Amino acid sequence: MHFLAGFDSARSAVVVRALGGRSNPARHSVDASLRVVRSEGKHVRAVVVAGATEWAARARNLHMVVALLEEAEIEYFAVRGTGRSVPCVAVPSRHRDEVEEVLQIAFGRNPGYVREATGGQLRTGASAKTWRRLRGEAVLRLVWNVCDPTGHLVFGPESGCELEFWPEKDGHLTAPRSNSVVTRIPVDTELRRAEQALFSPVPRQYHTGFARTVPDFTARLPGDHAYPIDVVYTWVDDSDPEWRASKDAARGLLTPDTTENLHEQADNDARYTSRDELRYSLRSIHQYAPWVRNIYLVTAGQTPGWLNASHPGLRVVDHREIFSDPAALPTFNSHAIESQLHHIPDLAEHFLYLNDDVFFGRPVEPEHFFHPNGLTKFFMSKALIPSGRISPEDLPVDAAGKNSRGLIAQQFGTVISQKMKHTPHALSRTVLAEIEQTYERAHWVTQHSRFRSPHDIPVASSLHHYYAYHQARATLGNLRYVYVDIGDVLAQRRLDRLVARRDFDTFCINDTVVPADPAAQERMVRRFLEAYFPVPSPFELPDAQGLPTRPTAELGATGA
């Protein structure tokens, strides 16, 4: 420990304890891979981690701070309720000199940075000058940067850990800023141990250790989402010859009148095209929504060849498990499939329904979609449902919107006019079950329409939201969202902007028309998705290709 020379003996002992333990995660191996990356407009050093995720980078920073303080035997406690998405640790102000000393040397061994919690210049934590400049700040943001091997993902200060210095007066410690739990505690408050995941959430299959905290910070709060939240996908692979043969056979059984009334967008190839979007949408959940409990993939027996179907947090669900009337199968109608989602066995009361072309674009929290008391949120679009009665010229989505409008007007006396954005849909099983009973005839007709029909109702994507809203069980939400039409001439520019800024909570990439050059469009989409989501999720088999598999010979068909 020659680098400790020059420190007085008592304070050197503190630093030795903090940095000398063999198992200390704050030690940085000389063999570890470092890379210079850009973060907030500045070149910084980051540790390269093959499976880098935002939640793991955040949890790592909390773990590093806690480990250092515990090894140095410095009093601390983890804090909740600061209103920030990053974890927070508090230290009595009387220990500030020791903490700064420990952190300065720790940052020298394991390159990292520090700045004011409210923003400002990112400074190297290994410099004594940095700590002199920040001596007047009562709250600091600490960060050991992480990036993935491609360099596309960089997790910096936004994934850091904050450090508060609580001054002591009259036998009490007082918080330097407000929080929603407790801001004044006796000096002799007895601390308890709690999982670090309480302060920096991680997927339930991971454990990141324990931290000391005040009992008040371990209590369940009114703002906590204490219930499980699942995700449901519907998925189809249009290249599967068995699926296409089944669809062609079903189309051949349509009566002449039905065929004439079938809108071209009810069965065009663009509705079913798979570009492996599901793989990347699952990556977006793993990357940005660690609070999701289980994922259900609803298909007609098709399973992507790359899918790790044995993962404990994922289950493939066949249409035959959820359709209340098996005679309605096979179906190629997404409205029909969506009408049956609440029949999924073991599905949580609260769940998100996603199409595979919908993605999380940055870290999201349960409160983006659900209130802590269980009310769902929905996201209205500026796009309007056309006025007037249903006509043969109506797009299937417009016809469904008009049908939904009629049901809401009949029951509640209001006239709905707005469509919903292509976001994850926050749904309640109970509300969906009520809709099935309340609008029994319309629900039955939708379930039995093998292709999109002028008689469909959009149960999961619209009707649920309006029905629940009129009963004070849903509220209007707010997401930063964008829809990219990949058939548009400006699509490449918009995708490039998405990768560069990563400033949307969710986004959808889709088109409704078969492109003139499908191969070029597929290359554009794959380049974008691989750049935005380069880190594989645990829902993928290692080195697996995207070929679908079929567990049984007798299969129905999936929807679009």
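Quantities reported herein were computed from a predicted structural model and do not represent experimental measurements.
A donor-acceptor contact shorter than 3.5 Å is absent between the side chain of Glu338 and the backbone of Pro458. Under the 3.5 Å distance criterion, the side-chain polar atoms of Asn403 are left unmatched by any main-chain donor or acceptor of Ile457. In this structure a side-chain-to-backbone donor-acceptor pair under 3.5 Å is missing from Arg450 to Leu254. Not one N or O on the side chain of Asn61 forms a donor-acceptor pair closer than 3.5 Å with the backbone of Val143. Looking only at distances, a side-chain donor or acceptor of His464 sits under 3.5 Å from a matching main-chain atom of Ser428. Side-chain N or O atoms of Lys377 include one that pairs as donor or acceptor with a backbone N or O of Glu367 at under 3.5 Å. In this structure a side-chain-to-backbone donor-acceptor pair under 3.5 Å is present from Thr213 to Ala78. A donor-acceptor pair is defined here as one N or O able to donate and one able to accept, closer than 3.5 Å; such a pair exists between the side chain of Asp230 and the backbone of Ala348. Remark: the backbone N or O of His342 is paired with a side-chain donor or acceptor of Arg429 at under 3.5 angstrom. Although no hydrogens or angles enter the test, the distance criterion places a donor-acceptor pair under 3.5 Å between the side chain of Arg244 and the main chain of Asp238.
In plain terms, the two heavy atoms of Gln196 and Thr208 that are nearest each other are OE1-O, 3.2 Å. In terms of heavy atoms, Ser281 sits closest to Leu354 at OG-CD2, 4.0 Å. Counting all heavy atoms, side chain and backbone alike, Leu341 lies closest to Tyr353 at CD1-CD1, 3.6 Å. Considering all non-hydrogen atoms of both residues, Asp456 and His335 come closest at OD2-ND1, 3.0 Å. The two residues Asp511 and Gly487 come nearest to each other via the heavy atoms CB-N, 4.0 Å. When all heavy atoms are compared, the tightest approach of Lys421 to His425 is O-CE1, 3.7 Å.
Open room surrounds CZ on Arg493; 12 or fewer heavy atoms of other groups in view lie less than 6.0 Å from it. Open room surrounds CD on Gln410; 12 or fewer heavy atoms of other groups in view lie less than 6.0 Å from it.
Checking Ser339 against Glu436 by side-chain atom types alone, no donor-acceptor pair falls below 3.5 Å. Side chains of Thr438 and Gln411: no donor on one and acceptor on the other come within 3.5 Å. Checking Gln302 against Asp237 by side-chain atom types alone, no donor-acceptor pair falls below 3.5 Å. No side-chain N or O of Asp216 forms a donor-acceptor pair with one of Thr218 less than 3.5 Å apart. For the residue pair Asn355/His422, the side-chain donor-acceptor check at 3.5 Å is not satisfied. In this model, no donor atom of one side chain and acceptor atom of the other lie less than 3.5 Å apart for Asn179 and Arg84.
Note: His225 and Tyr227 meet the aromatic proximity criterion, with ring centroids under 6.0 Å apart. In this structure, Tyr469 has its ring center under 6.0 Å from that of Phe378.
The cationic group of Arg480 lies under 6.0 Å from the six-membered ring centre of Phe504 and within 45° of the ring axis, placing it in a cation-pi geometry. Cation-pi geometry between Arg502 and Tyr532 is satisfied (NZ or CZ under 6.0 Å from the ring centre, within 45° of the ring normal).
From Arg362, atom CZ reaches atom CZ of Arg501 across 12.5 Å, with rounding to the nearest 0.5 Å. Atom CZ of Phe360 is separated from atom CD of Gln287 by 12.5 Å, given to the nearest 0.5 angstrom.
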*Carefully, step by step, assess His470 and Thr414 under the rule side chain to side chain donor-acceptor pair (under 3.5 Å).*
CA-CA 9 Å; His470 281 83; Thr414 60; 2.5 Å; yes

_Check against salt bridge (charged side-chain N to carboxylate O under 4.0 Å, His left out), Arg526 and Glu522_ = CA-CA 6 Å; Arg526 284 185 178 274; Glu522 180 169 349; 3.1 Å; yes

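Residues satisfying the side-chain contact (heavy atoms from CB on, under 4.5 Å) criterion with Ser391, sequence neighbours excluded, are Glu393, Asp394.
Counting heavy atoms from C-beta on, the side chains of Val525 and Asp276 never come closer than 4.5 Å.
Put simply, the residue from Ile509, Asp357, Leu490 that forms a side-chain contact (heavy atoms from CB on, under 4.5 Å) with Val484 is Ile509.
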